[in-house]
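Working notes, structure below.
Chain letters run A, B, ... following the sequence lines, proteins first and then strands; every chain starts at 1. Quick caveat, the model's predicted, so the values are computed rather than measured.
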Amino acid sequence: MNTENPLFIYNTLTRRKEVFEPLHAPFVGMYVCGPTVYGEPHLGHARPAIVFDLLFRYLKFLGYKVRYVRNITDVGHLEHDADEGEDKIAKKARIEQLEPMEVAQYYMDAYHDAMDKLNVLRPSIEPRASGHIIEQIEIVRQILDKGYAYISEGSVYFDVPKFDHDFGYGKLSGRVLEELFANTRTLDGQEEKHHPADFALWKKAAPEHIMRWPSPWSDGFPGWHVECSAMSTKYLGKQFDIHGGGMDLMFPHHESEICQSRIANGEPSAKYWIHNNMITINGQKMGKSLGNFITLNEFFNGSHKDKEGKEMLEQPYSPMTIRFFILQAHYRSTVDFSNEALQSAQKGFDKLMQAYRTLQGLKPSGSDSADVESIYQKCLEAMNDDLNSAMVIAELFELTKLINSVKDGHATLTEAGIRRCREIFQTFAFDILGLKDESASDHQEVINQLMQMVLNIRQKAKNEKNWAVSDQIRDQLQEIGIAVKDGKEGATWEFK
RNA sequence: GGUACCGUGGCCGAGUGGCUUAGGCACUGGUCUGCAAAACCAGGUACAGCGGUUCGACUCCGCUCGGUACCUCCA
């Protein structure tokens, strides 16, 4: 929409930054792989949700009408370690004596709750795989009709070698079919498949499998990748603009989706493939077996015991600290979580929010001693350069420094300049980065007046050089979490 | 072993073929203050290693070392 200053975005498919041009401006269709709802929402869920929330918000800021679809996977997940052949959700249901949909509902609610706290906007449509079995069966049927799939023992598999021959396989992940399985030892008993690269479109359910649906081929359940092809096509059309997800999904999930959609729809599906990088904790990948599998609520509460029962989190970290920390890194870089890094993020974020509050009480001058507009432009350029939120935050700190300098009398801003600072904060910090001031509350106005009263009393004591009383007020406020700061124009306060 | 990506100062984390001292946190000195805190000013530490291309590379190429994700089934 902005032709002289367009948005560039990195497309995994071409491995370069490309100008973003929607197929049908001003409309944008975006599909992002959502969570499998069989466990508590954890740190690994936060990054893709926040990254694509950033993109969603920015596209809307640019004036696009975005339909953002993010699926909920609530069927057919098998445990990859123990209990082979049993659905992840079904297993949880059996152990907890629950209906499978009850399990899915519980964890879906937990996911929503955590995402709300992180100020992640809800997508336009959030379709569930279990609600689209008919559409998935239809996709499988189409692929069979076109000759790119075969039936084996009641299951249906995609014929990868045939696809590779006709269209080329592995473009997204840079894999070559011949090399992919060249070193593979023949030790598995997957006799049903013609080629090791073939993947399931429909799986016949074993007798103990709880979640099952009838189909032309067997009572069973859809293959993992089919749901995304089915639901993206249903809600965004055969061709749409953006397909997103974590880098871990590039292969085989997205590669398989490309195969299915290409055959079923007769044309390539997504124009831009966007992948966020992964998260590590103290330099290690997050995994249940490593004992560093931290849920979001554990972060918010500040309690997580590792394998030896040692506390890993030195303190609670608020949702905005997590969000700010993630946005301080570029989405295609790995980001490493540690207490030290989170604590510095928290302090930085507090400083930013404090500056915004300071801004509200700034006294205007006759001239601007700094170029506020250039900060706005730099923020815009940073976002247009493949969503460089880290750079935007750096610019917001430049703004912070300016605001504090004005407060200290080392710089000046006009009425208009102050208004512009407020707009930049609103636009970039709140609207686009999706940050929010967590210390604001419903009773803020009452608290403000209450605090003003307390500070007035303290000022009176100070005027009388009654340090005992003035220090007592300050120290006791400190104890209940309020910091008092004396300045030239009287004292101010903030929540610690 | 294959594929993709990465290795930046005490920590986190941007960036570019020849002024970014990016930015945050921590640290040091100063201003301010009854004392503090905050804020402001000033300061230091850097581009994993080794070669090559170039007038010049942290940025391009190669190798080495180190790290992350994915890689026979399934989602």
Side-chain angles (χ1 to χ4, degrees), chain A residues 12 15 36 38 73 75-81 84-89 129 170 172-176 179-190 192-193 196-197 199-200 203 221-227 246-253 255 275 277-280 283-285 324-325 328-330 332-349 351-352 354-355 358 378 382 385 388-398 400-401 403-411 462 465 467 470-471 474-475 478 483-488 491-494 496:
Chain A
T12 310
R15 295 191 205 299
T36 302
Y38 75 105
T73 297
V75 293
H77 259 71
L78 301 186
E79 287 290 335
H80 47 269
D81 37 22
E84 280 173 44
E86 190 173 7
D87 193 301
K88 278 180 181 172
I89 290 168
L172 187 68
S173 56
R175 271 155 231 252
V176 179
E179 291 171 3
L180 197 47
F181 296 94
N183 305 337
T184 300
R185 296 159 297 167
T186 52
L187 49 74
D188 71 300
Q190 282 300 311
E192 294 180 11
K193 297 206 292 189
F199 55 89
K203 280 292 275 187
F221 52 94
W224 171 35
H225 321 298
V226 182
E227 60 174 277
M247 253 173 61
D248 53 331
L249 297 176
M250 231 159 78
F251 184 90
H253 182 53
E255 206 70 79
H275 292 95
N277 212 321
M278 309 309 287
I279 271 169
T280 56
Q284 271 193 314
K285 78 161 181 175
F324 181 78
F325 181 62
Q328 245 185 336
H330 187 260
R332 283 192 289 119
S333 302
T334 53
V335 71
D336 185 49
F337 276 70
S338 63
N339 280 293
E340 203 182 358
L342 282 168
Q343 282 159 18
S344 61
Q346 184 184 55
K347 283 180 190 165
F349 178 63
K351 186 173 170 180
L352 215 54
Q354 183 56 38
T358 301
K378 282 177 185 165
D385 185 12
N388 196 332
S389 54
M391 193 70 105
V392 173
I393 289 172
E395 289 304 323
L396 289 174
F397 276 113
E398 292 301 323
T400 295
K401 193 180 242 184
I403 290 164
N404 286 327
S405 290
V406 172
K407 184 192 72 179
D408 277 16
H410 301 127
K462 284 181 69 172
K465 296 207 187 300
W467 310 126
S470 74
D471 286 355
R474 184 178 62 190
D475 294 346
Q478 181 78 29
V484 176
K485 297 181 288 190
D486 290 330
K488 277 202 182 81
T492 58
W493 64 278
E494 67 181 68
K496 286 301 285 178

Pairwise N/O distances under 3.5 Å, protein to nucleotides 15-17 of chain B:
unit_1, atom_1, unit_2, atom_2, d
B:G15, OP1, A:N388, ND2, 3.4

Nucleotide N/O of nucleotides 23-26 of chain B paired with protein N/O under 3.5 Å:
unit_1, atom_1, unit_2, atom_2, d
B:A26, OP1, A:K347, NZ, 3.3

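In this entry the distance linking CG of A:L352 with P of B:A38 reads 17 Å, nearest Å. Spacing between atom CD1 of A:I403 and atom C1' of B:A38 amounts to 15 Å, rounded to whole angstrom units. Atom CH2 in A:W467 sits roughly 9 Å away from atom P in B:C35 (whole-Å rounding). The distance between atom CD of A:Q354 and atom P of B:C40, rounded to the nearest whole Å, is 11 Å. Summarising the geometry, the separation between CG on A:N404 and C1' on B:A39 is reported as 6 Å, rounded to the nearest angstrom. The distance between atom NE2 of A:H410 and atom P of B:A38, rounded to the nearest whole Å, is 17 Å. In this structure, A:F251 atom CZ and B:C5 atom P are separated by 16 Å, rounded to whole Å. If you take CG of A:D408 and C1' of B:A37, they are 13 Å apart, rounded to a whole angstrom.
Residues passing the side chain to side chain donor-acceptor pair (under 3.5 Å) test with A:K401, sequence neighbours excluded: none. Residues passing the side chain to side chain contact (heavy atoms under 4.5 Å, CB included) test with A:A129, sequence neighbours excluded: A:D74, A:V75, A:Q136, A:E227, A:M231. For A:H330, the side chain to side chain donor-acceptor pair (under 3.5 Å) test picks out no residue, with sequence neighbours left out. Shown here are the salt bridge (charged side-chain N to carboxylate O under 4.0 Å, His left out) partners of A:D336, two or more places apart in sequence or in another chain: there are none. Annotation: side chain to side chain contact (heavy atoms under 4.5 Å, CB included) contacts of A:A329 (sequence neighbours excluded): A:V335. Partners of A:S470 by side chain to side chain contact (heavy atoms under 4.5 Å, CB included), not counting sequence neighbours, listed by chain and number: A:R458, A:A461, A:K462, A:W467. For the side chain to side chain contact (heavy atoms under 4.5 Å, CB included) test, residues two or more places apart in sequence or in another chain that qualify with A:S173 are A:R175, A:M250, A:F251, A:E255. A search for side chain to side chain donor-acceptor pair (under 3.5 Å) contacts involving A:T358 returns nothing, not counting sequence neighbours. With sequence neighbours left out, the side chain to side chain donor-acceptor pair (under 3.5 Å) criterion links A:K485 to A:E494.
Here the closest heavy-atom approach between residue A:Q478 and residue A:A483 is recorded as OE1-CA, 4.1 Å.
Taking atom C1' in both B:C74 and B:C6, the straight-line distance is 29 Å, to the nearest Å. Separation of the P atoms belonging to B:C47 and B:G51 is 15 Å when rounded to the nearest angstrom. Look at the C1' atom in both B:G30 and B:A46: the space between them is 26 Å, to the nearest Å. Comparing B:G52 with B:C58, their P atoms are spaced 14 Å from each other, to the whole Å. Of the C1' atoms belonging to B:C32 and B:C40, the separation is 9 Å, rounded to the nearest Å. For the C1' atoms, the distance linking B:C61 with B:G2 amounts to 22 Å, nearest Å. Taking the C1' atoms as reference points, B:C41 lies 24 Å from B:G34, given to the whole Å. Taking atom C1' on both B:A36 and B:U31, the two are 16 Å apart, rounded to the nearest angstrom.
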Q. Under the side chain to side chain contact (heavy atoms under 4.5 Å, CB included) criterion, do A:F325 and A:F337 qualify, and how do the steps go?
A. CA-CA 9 Å; A:F325 181 62; A:F337 276 70; 3.6 Å; yes
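Rounding to the nearest 0.5 Å places CG of A:N404 at 11.0 Å from NE2 of A:H410. Taking CE of A:M391 as the start and CD1 of A:I393 as the end, the distance is 12.0 Å to the nearest 0.5 Å.
A:R175 contributes a side-chain N or O that forms a donor-acceptor pair with the base of B:C70 under 3.5 Å. At a cut-off of 3.5 angstrom, the base of B:G13 holds no donor-acceptor pair with the side chain of A:D336. With hydrogens and angles ignored, no donor-acceptor pair under 3.5 angstrom links the side chain of A:R332 to the base of B:C6.
A:R15 places a side-chain N or O within donor-acceptor distance of the main-chain N or O of A:L172, the cut-off being under 3.5 Å.
When heavy atoms are screened at a 4.0 angstrom cut-off, A:G170 is found touching no nucleic acid atom at all. A:A483 comes within 4.0 angstrom of nothing in the nucleic acid, heavy atoms only. Counting non-hydrogen atoms under 4.0 angstrom, A:V335 reaches the backbone sugars and phosphates but no base.
Among the nucleotides B:C12, B:C35, B:U68, the one closest to any side-chain atom of A:T334 is B:U68. The side chain of A:A200 sits closest to B:C74 out of B:U68, B:C41, B:C74. Of all nucleotides listed (B:A36, B:C70, B:U68), B:C70 comes nearest to the side chain of A:D248. Considering only the side chain of A:D471, B:G34 comes nearest among B:C74, B:G34, B:C35. Of the candidate nucleotides B:C5, B:A39, B:G34, B:C5 has the atom lying nearest to any side-chain atom of A:N277.
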Q: Any chance you could encode RNA chain B as dot-bracket? Rule is Watson-Crick or G-U wobble with both distances under 3.5 Å; [ ] for pairs crossing earlier ones, | for another strand.
A: (((((((..(((.(...[.)..))).(((((.......)))))....(((((..]....))))))))))))....
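Of the two residues near RNA chain B, A:R15 and A:K462, the one whose nearest nucleotide lies more 5' is A:R15.
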